[in-house]
Chemist: 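Handing you a structure now.
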Amino acid sequence: MRDRAARHLPGQAAGNADAAASEDPAPLDPEVLDCLMDLVDPEVGVSVVHLGLVYRAVRTPGRIEVDLTLTTRTCPLGAVLVEGAREHLRHRFNDCLTLAVRLVWSPTWTPDRITDQGLALLGHPPRHLS
């Protein structure tokens, strides 16, 4: 699942969360993704990881950086998801000094970012069967 997610989540230009996406996938630390697996989009009822809302997840000594997006800019739950991500990360990585969780809008989210497991949870067949 994580390998598939990494292939479908484009990276951000360094230092600018809203910059145009590069062709290379963004770094997705597997432990950070695992931690965020329990963060569920309250409107959809599926993990932000399975929805493909995590664009970047980097962990270095003393710092974790996560870039999240929403399925639409008009979603009123952006602050809820960002704070939920911070809480999950704080609980799991309680010795981390800095947790930077940002809401980003580039690249625009599309349903193509949903993992096969996310599709299954939403009642859709995996891509290789459709």
Side-chain angles (χ1 to χ4, degrees):
M1 185 292 300
R2 287 181 182 85
D3 288 340
R4 186 192 173 293
R7 287 193 309 267
H8 286 78
L9 299 177
Q12 300 292 318
N16 185 350
D18 280 338
S22 70
E23 293 301 315
D24 296 326
L28 294 169
D29 181 281
E31 289 187 50
V32 174
L33 285 182
D34 185 60
C35 175
L36 295 175
M37 195 66 73
D38 293 332
L39 180 60
V40 173
D41 181 305
E43 288 186 320
V44 182
V46 175
S47 163
V48 297
V49 174
H50 287 307
L51 287 174
L53 299 179
V54 181
Y55 281 7
R56 184 168 174 266
V58 178
R59 185 168 56 111
T60 59
R63 184 173 181 84
I64 295 174
E65 297 179 20
V66 173
D67 289 351
L68 296 173
T69 196
L70 303 174
T71 56
T72 176
R73 281 187 182 251
T74 58
C75 175
L77 300 173
V80 171
L81 286 177
V82 168
E83 187 52 36
R86 284 189 187 115
E87 287 177 20
H88 279 74
L89 293 166
R90 202 174 296 123
H91 183 262
R92 172 88 170 263
F93 303 101
N94 58 4
D95 60 340
C96 184
L97 299 175
T98 304
L99 298 174
V101 180
R102 296 176 293 212
L103 195 57
V104 299
W105 301 110
S106 179
T108 302
W109 179 88
T110 68
D112 292 337
R113 296 182 175 278
I114 302 173
T115 66
D116 283 344
Q117 187 171 350
L119 288 171
L121 292 168
L122 293 168
H124 298 281
R127 283 183 185 80
H128 66 276
L129 296 178
S130 43

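Quick note: residue numbers are just sequence positions, from 1. Any value given below was found using the heavy atoms of this structure, including those in side chains, with hydrogens, waters and symmetry copies removed. What you see is a predicted model, and the numbers here were worked out from it, not measured in a lab.
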Chemist: Find out if a path of hydrophobic residues (ILVMFWY) with successive side-chain heavy-atom gaps under 4.5 Å connects Val40 to Val46.
Modeler: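 No, Val40 does not connect to Val46 through the hydrophobic network.
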Chemist: With sequence neighbours excluded, what pairs up with Thr60 under the side-chain hydrogen bond (donor to acceptor under 3.5 Å, both in side chains) test?
Modeler: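 Per chain and number, Thr60 pairs via side-chain hydrogen bond (donor to acceptor under 3.5 Å, both in side chains) with no residue.
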Chemist: Under 4.5 Å between side-chain heavy atoms, hopping through other hydrophobics if needed: is there a path connecting Phe93 to Val49?
Modeler: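 Yes, because Phe93 and Val49 connect within a single hydrophobic cluster, where side-chain heavy atoms sit under 4.5 Å apart.
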Chemist: Same cluster or not: are Leu53 and Leu99 linked, directly or through other Ile, Leu, Val, Met, Phe, Trp or Tyr residues, by side-chain heavy atoms under 4.5 angstrom apart?
Modeler: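 Looking at the clustering, Leu99 is in the same group as Leu53.
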Chemist: If you compare all heavy atoms of Ala100 against all heavy atoms of Arg63, which two are closest, and at what distance to 0.1 Å?
Modeler: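 What the structure gives for the nearest pair is CB-NH2, 3.8 Å.
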Chemist: Quick one: are Leu70 and Leu77 in side-chain contact, heavy atoms under 4.5 Å?
Modeler: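 Counting from C-beta outward, Leu70 and Leu77 never come under 4.5 Å.
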Chemist: Assess whether a salt bridge exists between Arg86 and Glu83, defined as any Lys/Arg side-chain N lying under 4.0 Å from an Asp/Glu carboxylate O.
Modeler: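 A salt bridge is present here (some side-chain N lies under 4.0 Å from a carboxylate O).
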Chemist: Once side-chain hydrogen bond (donor to acceptor under 3.5 Å, both in side chains) is applied, what residue pairs with a partner in residues 91-101 remain, sequence neighbours excluded?
Modeler: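 Applying side-chain hydrogen bond (donor to acceptor under 3.5 Å, both in side chains) to every pair that reaches into residues 91-101, excluding sequence neighbours, yields Asp34-Arg92.
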Chemist: Nearest heavy-atom pair of Leu39 and Leu81: which atoms, and what distance?
Modeler: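 That would be CD2-O, 3.7 Å.
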Chemist: I would like to know whether Val54 and Leu33 meet side-chain contact (heavy atoms from CB on, under 4.5 Å); could you show each step before the answer?
Modeler: CA-CA 8 Å; Val54 181; Leu33 285 182; 3.9 Å; yes
Chemist: Quick check: closest heavy atoms across Val101 and Leu68, and the distance to 0.1 Å?
Modeler: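 For Val101 and Leu68, the tightest heavy-atom pair comes out as CG1-CD1, 4.0 Å.
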Chemist: Counting distance only, does the side-chain N/O of Arg56 pair as donor-acceptor with the main-chain N or O of Glu65 below 3.5 Å?
Modeler: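 Side chain of Arg56 to backbone of Glu65, a donor-acceptor pair under 3.5 Å: no, none is there.
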Chemist: Report the C-alpha distance between Trp109 and Ile114 in whole Å, list the side-chain angles of each, state the deciding distance to 0.1 Å, and finish with yes or no for side-chain contact (heavy atoms from CB on, under 4.5 Å).
Modeler: CA-CA 10 Å; Trp109 179 88; Ile114 302 173; 3.8 Å; yes
Chemist: Same cluster for Val66 and Val58 if Ile/Leu/Val/Met/Phe/Trp/Tyr side chains link at under 4.5 Å?
Modeler: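 In one cluster with Val66: Val58, no.
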Chemist: Nearest 0.5 Å, please: how far is CG in Leu103 from CG in Asp67?
Modeler: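 That separation rounds to 9.5 Å.
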Chemist: Examine Val80 and Leu89 and state if one hydrophobic cluster contains both, with Ile, Leu, Val, Met, Phe, Trp and Tyr joined whenever side-chain heavy atoms are less than 4.5 Å apart.
Modeler: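 No, no single cluster joins them.
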Chemist: Listed by chain and number, what are the side-chain hydrogen bond (donor to acceptor under 3.5 Å, both in side chains) partners of Thr110, not counting sequence neighbours?
Modeler: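 side-chain hydrogen bond (donor to acceptor under 3.5 Å, both in side chains) list for Thr110, sorted by chain: empty.
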Chemist: Can you tell me if Thr69 uses its side chain to pair, donor with acceptor, with the backbone of Trp105 under 3.5 Å?
Modeler: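 No.
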Chemist: Report yes or no: is the cationic atom of Arg113 (NZ for Lys, CZ for Arg) closer than 6.0 Å to the six-membered ring centre of Tyr55, at no more than 45° off its axis?
Modeler: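 The answer is yes; both the distance and angle limits are met.
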Chemist: Taking it one step at a time, do Leu121 and Val44 satisfy side-chain contact (heavy atoms from CB on, under 4.5 Å)?
Modeler: CA-CA 10 Å; Leu121 292 168; Val44 182; over 6 Å; no
Chemist: So do the side chains of Pro126 and Leu119 get within less than 4.5 Å of each other, counting heavy atoms only?
Modeler: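 No, side chains not in contact.
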Chemist: As an exercise, state the distance from CG of Asp112 to CZ of Arg127, rounded to the nearest 0.5 Å.
Modeler: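 It is 6.0 Å, given to the nearest 0.5 Å.
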Chemist: Only one of Glu31, Arg59, Arg90 passes side-chain contact (heavy atoms from CB on, under 4.5 Å) with Ile64; say which it is.
Modeler: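 In the set Glu31, Arg59, Arg90, the residue that makes a side-chain contact (heavy atoms from CB on, under 4.5 Å) with Ile64 is Arg59.
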